[in-house]
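To start, the structure under review is shown below, and the notes come after it.
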Amino acid sequence: MKKLVAVLLIMMMVFSLTACASEPEADALPTIGVTIYKYDDNFMSFVRRAIETAAVDKATLDMSDSQNSQATQNDQVDTMISKGAKALAINLVDPQAAETIISKAQAADLPVVFFNKEPEASVLASYDRAWYVGTASAEAGIIQGELVSEQWKANPDWDRNGDGVMSYVLMKGEPGHPDAEARTKFVIETIVANGIEVEELELQTGMWDTTKGKELMDAWISKHGDAIEMVIANNDGMALGAVQSLNAAGYFAADKFMPVVGVDAIPDVLEEIKAGRMIGTVLNDAKNQGSASFDLAYNVAMGKDPLEGTSWTFDDNKSVRVPYVGVTIDNIEFAEEAYK
Ligand code: GAL
């Protein structure tokens, strides 16, 4: 009998030891389901990196590229939920799809943090376990407008035909995206509010994309040539395309110049500012938006208050708004630091 008890005890010990050994440490970390609307977006690649950095030793990320398809993203969210995600961090493809994602999260009793593409306030308010991390979209337009106004006034020769009117072309981001709509509206309103007369030569969407920005600028140069006096882009990706096109058309050499301005302050654009091929940009703080998105999602995955241990605050709409900052050659080091 004694022998039998001893054998049983040994068997139990071996069993519990193997059970421990087979449990990888990662299992102890909560899984957070993350979608990025498309990996092939310059600015979002920096936000993605910031999320990955923030997650180290804290959570396992189940991250997907939604490849600019809302249908794909909806399927990815279903899969994340069925695989046991404890929270969702969602960069929507279509800002109008927040309702769909919320209904999936709600059905699974999961919290969801949206980031970068802002859902409508009423939709966010419809679920008490939904939050948003992003920016105040209008702010980028206002800062960009101030930057353009100041430099336009300081450089009277930019008014090539001397008619006292700023003839601009504007590259818009994705139509219907709150950032694209607000930046477009507020940049022009701010320039006008500064007493500058403007003429819109072109306004078209370049979908945040460098190749599309280049194509637009190629077409506009051949149509308007030197009548264009200012190139305003809703983001740096498109501004880079404009610079490539202008470069090929002989600008930025000898005394041929064209002022170009963007938003984001991605490293490639900081190089263009240093080389004198862009007059400025607006820092869209990828690092802080990425880490705040993760911190909130992590907190709610752990059943804590979303803002616990962070220095962020919510506005009236359960949203964290990371501030924008204007960037010119004068404070370029500051922007370089922000992207390190
Ligand atoms: C904006 C950013 C764009 C693009 C877009 C995607 O905030 O300025 O470059 O990344 O988000 O939603």
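The analysis underlying the following values was restricted to heavy atoms, covering all of them including side chains, and did not include hydrogens, waters or symmetry mates. First listed ligand is number 1; within each ligand, the first listed atom is number 1.
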[atom]: the protein heavy-atom neighbour that sits closest, reported with distance to 0.1 Å:
atom	result
atom 11 (O) of ligand 1	Asn116 ND2, 2.9 Å
atom 1 (C) of ligand 1	Asp179 OD2, 3.4 Å
atom 9 (O) of ligand 1	Asp264 OD2, 2.7 Å
atom 4 (C) of ligand 1	Asp41 OD2, 3.5 Å

Practice problem: Check for a donor-acceptor pair, side chain of Asp41 on one end and backbone N or O of Met44 on the other, with a separation under 3.5 Å. | Solution: yes
Quiz item: Would you find a donor on one side and an acceptor on the other, under 3.5 Å apart, between the side chain of Thr210 and the backbone of Leu240?
Solution: no
Within a distance under 4.0 Å of any heavy atom of [X], pick out the atoms of ligand 1 and give their elements.
X	value
Phe43	2 (C), 9 (O), 10 (O)
Lys117	12 (O)
Arg183	1 (C), 2 (C), 7 (O), 8 (O)

Practice problem: Determine, step by step, whether Asp62 and Thr31 satisfy the side-chain hydrogen bond (donor to acceptor under 3.5 Å, both in side chains) criterion, reporting the C-alpha distance in whole Å, the side-chain angles of both residues, the deciding distance to 0.1 Å, and the verdict. | Solution: CA-CA 7 Å; Asp62 181 0; Thr31 298; over 6 Å; no
Quiz item: Is the shortest heavy-atom distance from the side chain of Leu88 to the side chain of Ile32 under 4.5 Å?
Solution: no
Quiz item: Going by heavy atoms in the side chains, are Ile232 and Ile191 under 4.5 Å from each other?
Solution: yes
Quiz item: Does Tyr324 reach ligand 1 with a nitrogen or oxygen that is under 3.5 Å from one of the ligand's nitrogen or oxygen atoms?
Solution: no
Quiz item: Do any nitrogen or oxygen atoms of His177 lie less than 3.5 angstrom from nitrogen or oxygen atoms of ligand 1?
Solution: yes
Quiz prompt | Parallel, tilted or perpendicular: ring planes of His177 versus Trp208, cut at 30 and 60 degrees | solution = perpendicular
Self-check item: Gln73 side chain to Gln76 side chain, donor-acceptor N/O pair below 3.5 angstrom
Solution: no
